[in-house]
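Report on one structure; see the data block that follows.
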Amino acid sequence: MKKEELIEIVNNEFPEFKVKEKKEEKHELPELPNAEHGVVMRMAPSPSGPLHIGHSRMAILNDEYVKRYGGDLILRIEDTNPGNIDIDAYDMIPEDLEWLGVNVTKTVIQTSRMDLYYKEAKKLIELGYMYIAEIDQKKFHELKLKSIALPDRSMDPEIHLERFDKMLNGEYREGEAVAVVKTDLNHPNPSVRDWIALRISYKRHPLTGDKYCVYPMMNFSVAIDDHYLGLTHVIRGMDHLVNTEKQRYIFNYNGWRVPYYYHYGIIKIPGSVLKTSIIKNGIKSGKYTGWDDIRLGTIRALKKRGYRPETFRRYWISSGMRETGATFSWEIFDSINRQIIDKEAMRFFFVNKPVLLDLHNDIIIESHARYHPDMDLGYRKYKIIENSKIYLNEDDLNSINVGDEFRLKDLCVVKRTENGIRYVDENSEKKLKIIHWCPENSFDFTVEKPDGSNDSGKLEPLALDYNGISQFERYGYVNIINGKGYFLHR
RNA sequence: GCUCCCGUGGUGUAGUCCGGCCAAGCAUUAGGGACUCUCAAUCCCCCGACUCGGGUUCAAAUCCCGACGGGAGCACCA
């Protein structure tokens, strides 16, 4: 009796023991409130470098929702800190997003909106919600810790408007004055107390040069932009939780409708170099070859190794928006990617740590290894003439005792001898160990690995001009780009 | 130290809002097996979790309190 029949009988005749059906697993993001008529969402990276795997989460989560509900996905480049900008990032970020399949409908650069920030600041000053503090950083911080208001706080808005103009006109030095949002000096979190909205910087901005000397702080420009760009829903990391609280003050003072906020948990990405400053220094010093060095966790490095955009998408959708901190799982990420690329990965023999062995064969043998085990892509054929030589992996060879028979994959059965291997037969009924090999005319090939090490060995001749993801049998998946190999995963 | 957030197997998650259908689902990994001339893929099996302690209740992963654990923030960075 078949299993299905059994289940049917049980279900019909003994309903109290009804066999549960397997639930179909669907990994979908939860619905968003008030989204039926479209959403406006954004991602807001700072242009300090290209995107890395961590950024891909916010990009894809936002993109998914905009694709589901329709609406706008805004890329807002937050370049209001002139000291931390890489001019190339203005181009690299959109490139990375495009590769990820993220559909940006509108791009906004914050330094092109400075007049708006100034105007909004003046408005808040007039309304008495913002003031210009003539105080240095250290003192201001100390007062806030003690919840003490400085005298400036209660001065007339007129004075602050004048001071603000002085700031804009460059009449202060850096650090002599800051524009501050009045909040609650008794707020339990000192950083929320009267937070700084705009500050002076005379650093040369890579994009705007010395046109401006007053730059908004992130919390100020974000609140202004989120409103004027019409954001309906904001999805970002838990590290922004306190920022959201700060930004609400701006919304409340202006009577603006507040977007829905979601904060997903911080994710630890093990074994990846992500920090822009470290990468930048590494590139400068020659430690890394560039932003796409495969030891890095940048999108372009992962692309170079052969990860697919779809892998990022599936992974982040399945991670959802949980507020729990978590560890990025390379195991699962690799597994998703393997599912995608296995179907199209050409198979080749790569012998790492090669040993050139004498092959004693009296007849010509021909190999017929498939390019793909399931797809009909044809065969890699090699003719092995009498008494030639062949490459085997050192560890494979050491695992075989003299006198033992084993199978050269897709070639023949051989026996290990004192000084090499000897042809035994074309085939065998016995269950033998299967080992891959490379013909003598194979070429040198090196696989770069993400841990910084290299594997060098011999790659079979038919792989010579191949470009793309391939599976080196019994070794792993490797992306070949112009004769160079980059290790993807097992 | 202070403030906030979070605690489901090794890992990632579903379920928690609105307590019962959860003796907890799925995926991944490890282990076992089938198939295969790859240690891949595919298929099957199996191990494995509600942090702890109180409370509320007929009933708690789900609500309340406490402890413990983890994370983030405490910048004139974003």
Side-chain angles (χ1 to χ4, degrees), chain A residues 20 22-28 44-48 77-81 83-85 110 133 135-138 140-141 144-145 174-180 187-193 195-201 214-219 221-222 236-243 245-246 263 265-268 270 276 314-315 317-320 322-336 338-339 341-343 345 347 349 367-370 372-375 396 406-413 427-428 431-436 471-477 489-490:
Chain A
K20 280 184 203 163
K22 265 196 176 178
K23 284 179 210 160
E24 276 291 314
E25 175 68 2
K26 52 175 181 184
H27 262 303
E28 269 185 11
S46 67
S48 51
I77 296 186
E78 309 212 322
D79 58 346
T80 54
N81 179 12
N84 183 33
I85 291 169
Q110 285 196 314
I135 188 167
D136 67 74
Q137 183 171 185
K138 205 176 151 202
F140 190 46
H141 187 63
K144 281 208 279 188
L145 284 180
E174 269 185 36
E176 279 183 347
V178 279
V180 178
H187 193 284
N189 186 341
S191 83
V192 178
R193 297 172 196 162
W195 52 269
I196 293 168
L198 301 104
R199 83 299 205 177
I200 296 163
S201 171
V214 175
Y215 292 89
M217 300 291 290
M218 176 259 229
N219 278 312
S221 56
V222 162
R236 53 182 176 177
M238 286 283 277
D239 48 334
H240 283 290
L241 214 53
V242 179
N243 293 323
E245 199 177 345
K246 293 182 189 177
H263 300 94
I266 304 288
I267 195 145
K268 228 186 282 173
T276 322
R314 284 195 214 163
Y315 185 85
I317 289 174
S318 80
S319 290
R322 258 186 123 205
E323 292 183 324
T324 320
T327 310
F328 183 84
S329 173
W330 286 103
E331 276 174 358
I332 292 173
F333 194 67
D334 287 352
S335 164
I336 295 170
R338 196 179 295 119
Q339 246 169 47
I341 54 120
D342 182 72
K343 292 184 207 66
R347 265 56 174 179
F349 287 160
S367 77
H368 52 284
R370 304 188 62 158
H372 195 286
D374 309 314
M375 309 293 168
D396 280 340
F406 60 101
R407 190 189 293 278
L408 290 174
K409 188 170 188 299
D410 301 310
L411 185 67
C412 65
V413 176
N427 212 333
S428 168
K431 189 131 185 146
L432 295 170
K433 188 163 189 164
I434 299 158
I435 285 171
H436 68 287
Q471 191 209 48
F472 291 176
E473 295 192 43
R474 306 209 305 133
Y475 176 82
Y477 296 88
H489 47 65
R490 277 208 57 90

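Note that the structure is a prediction, hence the values are computed from the model and not measured. Any value given below was found using the heavy atoms of this structure, including those in side chains, with hydrogens, waters and symmetry copies removed.
Rounded to the nearest 0.5 Å, atoms CD1 (I341(A)) and CG (D334(A)) are 9.5 Å apart. Here the straight-line distance linking atom NZ of K246(A) with atom CD1 of I196(A) works out to 9.5 Å at 0.5 Å rounding. Interatomic distance, M238(A) CE to I267(A) CD1, rounded to the nearest 0.5 Å: 13.0 Å.
Residue-level contact check: I332(A) touches the bases, meaning some heavy atom is under 4.0 Å from a base atom. Within 4.0 Å of D136(A), counting heavy atoms only, lies at least one base atom of the nucleic acid. Note on G265(A): nothing from the nucleic acid sits closer than 4.0 angstrom, heavy atoms only. Heavy atoms of N243(A) sit under 4.0 angstrom from at least one base atom. Contacts of I135(A) with the nucleic acid, taken as non-hydrogen atoms under 4.0 Å apart, include base atoms. Note on T80(A): only backbone sugar-phosphate atoms sit closer than 4.0 angstrom, heavy atoms only; bases stay farther off.
Along RNA chain B, the nucleotide nearest to S329(A) and the one nearest to P216(A) differ in position, and the one closer to the 5' end is contacted by S329(A).
Residues passing the side chain to side chain donor-acceptor pair (under 3.5 Å) test with K268(A): none are found, sequence neighbours excluded. By the side chain to side chain donor-acceptor pair (under 3.5 Å) test, R236(A) pairs with T244(A), Q247(A), sequence neighbours left out. The side chain to side chain donor-acceptor pair (under 3.5 Å) search around S221(A) returns Q110(A), not counting sequence neighbours. The salt bridge (Lys or Arg N to Asp or Glu O under 4.0 Å) check on R338(A) picks up nothing, with sequence neighbours excluded.
With both ends at atom P, the span from C22(B) to C58(B) equals 23 Å, rounded to whole Å. U57(B) and C74(B): their C1' atoms are spaced 41 Å apart (whole Å). Going from the C1' atom of G31(B) to that of A67(B) covers 37 Å, rounded to whole Å. If you take atom C1' in A61(B) and the same atom in U8(B), they sit 7 Å apart, rounded to whole Å. Between the C1' atoms of A24(B) and U13(B), the separation comes to 13 Å (whole Å). Between the P atoms of U28(B) and C17(B), the separation comes to 29 Å (whole Å). Rounded to a whole angstrom, the distance from the C1' atom of G15(B) to that of A34(B) is 34 Å. Comparing A27(B) with A41(B), their P atoms sit 15 Å apart, to the nearest whole Å.
Each of U3(B), G12(B), C5(B) was ranked by its minimum atom distance to the side chain of P188(A); first place goes to U3(B). Among the nucleotides U8(B), C76(B), G12(B), the one closest to any side-chain atom of R322(A) is U8(B).
Using Watson-Crick or G-U wobble geometry with both donor-acceptor distances under 3.5 Å, A34(B) finds its partner in U42(B). Checking C2(B) for Watson-Crick or G-U wobble geometry (two distances, each under 3.5 Å) identifies G73(B) as its partner. Pairing of U11(B), defined by two Watson-Crick or G-U wobble distances under 3.5 Å, is identified with A27(B). Using N1 to N3 plus N6-O4 or O6-N4 for Watson-Crick, or N1-O2 and O6-N3 for G-U wobble, each under 3.5 Å, C47(B) pairs with nothing. Of the nucleotides present, G20(B) is the one that pairs with C58(B) by Watson-Crick or G-U wobble criteria, both distances under 3.5 Å. The nucleotide A78(B) finds no pairing partner, because no Watson-Crick or G-U wobble arrangement with both distances shorter than 3.5 Å includes it.
Between Q471(A) and Y477(A), the closest heavy-atom pair is NE2-OH, 3.4 Å.
Taking atom CD on E28(A) and atom P on C26(B), their separation rounds to 18 Å, with Å as the unit. For the pair F140(A) CZ and C76(B) P, the computed distance is 8 Å after rounding to whole Å. C77(B) atom P lies 13 Å from atom CH2 of W195(A), rounded to whole Å. Between R193(A) atom CZ and C4(B) atom C1' there is a gap of 14 Å when expressed in whole angstrom units. Counting to the nearest Å, the P atom of C4(B) and the CG atom of L241(A) are 11 Å from each other. In this structure, I267(A) atom CD1 and G12(B) atom P are separated by 8 Å, rounded to whole Å. Between the CD1 atom of I336(A) and the P atom of U13(B) there is a distance of 12 Å, given to the nearest Å.
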When every nucleotide of nucleotides 69-75 of chain B is labelled 5' to 3' by its protein contacts under 4.0 Å (heavy atoms), B for base, S for sugar-phosphate only, - for none, what sequence of letters results? --SSSSS
What does nucleotides 32-42 of chain B look like as a protein-contact string, B for base, S for sugar-phosphate only, - for none, at under 4.0 angstrom between heavy atoms? -----BBBBS-
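Residue T327(A) places at least one side-chain N or O under 4.0 Å from the OP1 or OP2 atom of G12(B). For S335(A) and A27(B), the shortest distance from a side-chain N or O to OP1 or OP2 is not below 4.0 Å.
Between W330(A) and F333(A), the ring planes lie perpendicular to each other; the angle is over 60°, past the 30° to 60° tilted range. Relative ring orientation between H436(A) and F349(A) is described as tilted, the plane-to-plane angle lying within the 30° to 60° band.
The salt bridge (Lys or Arg N to Asp or Glu O under 4.0 Å) test with R347(A) is passed by exactly one of D410(A), D342(A), D374(A): D342(A).
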Take N81(A) and R199(A) through the test side-chain contact (heavy atoms from CB on, under 4.5 Å) and record every step on the way to the result. CA-CA 10 Å; N81(A) 179 12; R199(A) 83 299 205 177; 3.8 Å; yes
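In terms of polar N and O atoms assigned as donor or acceptor, the side chain of E331(A) comes within less than 3.5 Å of the base of G10(B) in a complementary pairing.
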